[in-house]
Enquirer: 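Please read through the structure below; I'll follow up with questions.
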4 protein chains.
Amino acid sequence: MTANGDLRSRILEQARVLLLKEGYSAVSMRKIAKAVGCTPTSIYIYFDNKDALIHALIEEGMELLAGDLAKASAPDSEPRARFRGTCLAFLEFGIQNPEYYQIMFLLHPEKMERYPTDKYRRARRNLELFADILREVRSGSSFDPMLSATVLWSLLHGAISLHLAQRLDVGMPASTFIDQVVEHAESMLLPESP
Amino acid sequence: MTANGDLRSRILEQARVLLLKEGYSAVSMRKIAKAVGCTPTSIYIYFDNKDALIHALIEEGMELLAGDLAKASAPDSEPRARFRGTCLAFLEFGIQNPEYYQIMFLLHPEKMERYPTDKYRRARRNLELFADILREVRSGSSFDPMLSATVLWSLLHGAISLHLAQRLDVGMPASTFIDQVVEHAESMLLPESP
Amino acid sequence: MTANGDLRSRILEQARVLLLKEGYSAVSMRKIAKAVGCTPTSIYIYFDNKDALIHALIEEGMELLAGDLAKASAPDSEPRARFRGTCLAFLEFGIQNPEYYQIMFLLHPEKMERYPTDKYRRARRNLELFADILREVRSGSSFDPMLSATVLWSLLHGAISLHLAQRLDVGMPASTFIDQVVEHAESMLLPESP
Amino acid sequence: MTANGDLRSRILEQARVLLLKEGYSAVSMRKIAKAVGCTPTSIYIYFDNKDALIHALIEEGMELLAGDLAKASAPDSEPRARFRGTCLAFLEFGIQNPEYYQIMFLLHPEKMERYPTDKYRRARRNLELFADILREVRSGSSFDPMLSATVLWSLLHGAISLHLAQRLDVGMPASTFIDQVVEHAESMLLPESP
DNA sequence: AATGAATGAGGCTTCATTCAT
DNA sequence: AATGAATGAAGCCTCATTCAT
């Protein structure tokens, strides 16, 4: 029983694996159960329904992303470096964890009817983090930090989305693209270095 | 007799409506048929299968977008204005036609197995359009136009995606956000105007 | 129009091709129409329904088989040779024309509800042919020719059926098997040659 | 609660009944479910898919036939009697269990795509049984037992097939025909008894 | 804590056929 | 002589979920 973790976490794990391998619409209670080695019914012991399971997964992803971003934005470095580092951390989270990213940011709320709205507020915090960094790095100049953070988020989100949807030029390595995105983010938001 | 217009276009229309109201995964042959007021079988008179139907919709969307972009990028105006106009046109297309945008740019190719690859090339042309405009507006400076166009596309795509997913600050009017995105796009890609 | 025969015969031809390529249950009015290059509706001009089409095909097959058997049983040769030749002709008809053989002898009458019973009588004539040959070759001895012919038919039919169902030993060439069947037929029905 | 017996065997039973009444191609999951009194979905609890259901039926038939043949070929009788008895047992199995015989020997492998090949090997064993008996009864004479067994099988199979397809002379009682087949089998394969 | 049995709804698709033109 | 439009029935199968045990 304790051998390979408790059932709840094994369910989440296999759901994630399935998500990664076959995409959201191919994830079903049945398939998860088969992958885990239990019955579909057992899943309902730990999760009210399929949405609740997905939400738990989103929760996990949020935690992970929050950790990555916190590390990258730690105030022990020069502001511009923190800006770059945080952008990079976000981009890399999306590219390294496509299954989390998909359910966290690519799923339409229409599919998440039963998702308690307050959970979404958590995503807002990432925005505030970006706003904070921008405030610091552009101290003095007059601008709307939340608005700029939103635009920045758009850029990063768009870059990840296109990459995950495999709609980017196939010839270009991901790392090159990511670097370029960060560079453009800088020239978009940071004052020309002296 | 049932109503007006030929069945084929009514099918496409209702498919679009459903797409808009309930999202891609809720669009089914049965539901379309019910919305149109015909039998599912009838749909197969006009479309080989579900994918073909979706692809016809994509085609329509591509046509529409191409028209919008062509108008906006017409060479009868000053380069910077064309840059702004084209960005705006893309953003507005996405926001005004969420159902088209979704199937055109948000669907994973995994769901589009039967989509002929040459159709995807058409999407690439939009990228080239942006690259052309960038080349013109930044003539002289050394940079990779396709790469910058890709980053620009990421920004625009990200902005539309977040808007469509209703993940933007609810307080802010869409037009404000759009304007800000275009402005940021300028400062990201255009040389500081003297 | 006259270029590639009239529609009726082209329909029959393509039905036969389909039957051969994909088996009975894959033959549909739609597929035939597509293969012919006309609409399913057009088929109904020449055939009342699907069964009628199949019956026409059966008719064709009966004609062909009758021809083959008539040639093989022509009274210009020695009785034993005619016996051998006629058996061989039947076996070869089945193996060379699996599509005809299938609908002529392997389809259950339950699927042929609308088949006029008098058509089946035609098949009986083949039986009589065998009976005639047996009568001749075993002139004098007392036996029931029709009964023996029926048993002979069973042997030949069984051999063809197993071959067509690919249930025979894969290692053995068809011609070897056929020869053996004829030889066994002889020892089953013909008096030991002096 | 619905009735008696566990659902799995009731499904198999009704499938058999349908097979008998309406033929293979009329056997559908829906019809089986309706006959049993459950939903089509329930069938999938016990069988992975339609083929698996049919294969289970084939399995049952194989078991039955194997039992019949084993009893008939038991080495407690005189060789010639065993020969006769085994032929008779095969013929009677086919005539008494038309629904089993149909799926076991009359279905084309093309319709049995998902049928594991090793299951077919089981059918081959019947052939070996006949070969063994022939070896014994014709000890001494030089002949190919497997080949002769195959021809014998053709005869028996053909006889059953024609009977099941109702293509035999309607006037003749089945038992007469069967007896004649066995007698002819003897004169085909056994040395003239002194 | 977990299962086995069952379901109703719905997924895409193909069938033979008809009817007005 | 031929078609285009349409249909109702049916094909296999998967879904999330529930309920009694």
Enquirer: Respond yes when some side-chain nitrogen or oxygen of A:Ser28 is under 4.0 Å from OP1 or OP2 of F:dC15, and no when none is.
Expert: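 Indeed, a polar side-chain atom of A:Ser28 lies that close.
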Enquirer: Of all heavy-atom pairs between A:Val36 and A:Gln14, which one has the smallest distance, and what is that distance?
Expert: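 Reported closest heavy-atom pair: CG2-CG, 3.5 Å.
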Enquirer: Check the distance between E:dA16's P and C:Asp48's CG and give it to me in whole angstrom.
Expert: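 That distance rounds to 15 Å.
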Enquirer: Tell me if a side-chain donor or acceptor on A:Lys31 pairs with a main-chain N or O of A:Ala26 at a distance below 3.5 Å.
Expert: yes
Enquirer: Once you round it to whole Å, what is the distance between P of F:dG4 and CZ of B:Arg8?
Expert: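 About 15 Å, once rounded to whole Å.
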Enquirer: My understanding is that a pair needs two contacts under 3.5 Å, Watson-Crick or G-U wobble. By that rule, which nucleotide pairs with F:dA6?
Expert: E:dT17
Enquirer: Is there a Watson-Crick or G-U wobble partner for E:dG11 with both distances under 3.5 Å, and which nucleotide is it?
Expert: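 F:dC12 is the nucleotide pairing with E:dG11.
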Enquirer: Tell me: CG of D:Leu18 to C1' of F:dG11, nearest whole Å?
Expert: 15 Å
Enquirer: Between E:dT3, F:dT3, E:dA16, which one does the side chain of A:Ser42 approach most closely?
Expert: E:dT3
Enquirer: Which part of the nucleic acid does C:Phe47 contact within heavy-atom distance under 4.0 Å: base, sugar-phosphate only, or nothing?
Expert: nothing
Enquirer: Output the rounded distance in Å from NZ (A:Lys34) to C1' (F:dT14).
Expert: 11 Å
Enquirer: So, is A:Tyr46 close to the E:dA2 phosphate, meaning a side-chain N or O under 4.0 Å from OP1 or OP2?
Expert: yes
Enquirer: In whole angstroms, how far is the C1' atom of F:dC12 from the CD1 atom of D:Ile54?
Expert: 13 Å
Enquirer: Could you please name the option among F:dC13, E:dG10, E:dA2 that lies closest to any side-chain atom of B:Arg30?
Expert: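 That would be E:dG10.
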Enquirer: Indicate yes or no: at least one non-hydrogen side-chain atom of A:Ile32 is less than 4.5 angstrom from one of A:Leu53.
Expert: yes
Enquirer: Separation of D:Met29 atom CE from F:dT14 atom P, in whole Å?
Expert: 10 Å
Enquirer: Could you tell me if B:Tyr24 and B:Gln102 have a donor-acceptor pair between their side chains, going purely by distance under 3.5 Å?
Expert: no
Enquirer: In this structure, how many angstroms lie between the P atom of E:dG11 and the OH atom of B:Tyr44, rounded?
Expert: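 In whole Å, E:dG11 P and B:Tyr44 OH are 11 Å from each other.
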Enquirer: Just the rounded figure in Å: distance from P of E:dT14 to CD1 of C:Ile32.
Expert: 16 Å
Enquirer: Work out which heavy atom in C:Ala15 is nearest to a heavy atom in C:Leu57; give both atom names and the distance.
Expert: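 Shortest heavy-atom separation between C:Ala15 and C:Leu57 comes out as CB-CD2, 4.0 Å.
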Enquirer: Assuming nearest nucleotide by heavy-atom distance, tell me which of B:Lys31 and D:Cys38 is located more 5' along DNA chain E.
Expert: D:Cys38
Enquirer: Report yes if a donor N or O on one partner sits less than 3.5 Å from an acceptor N or O on the other, where the partners are the side chain of D:Thr41 and the base of F:dT14; otherwise report no.
Expert: yes
Enquirer: Of the nucleotides E:dT7, F:dA2, F:dA5, which has the atom closest to the D:Ile45 side chain?
Expert: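 From the listed options, E:dT7 comes nearest.
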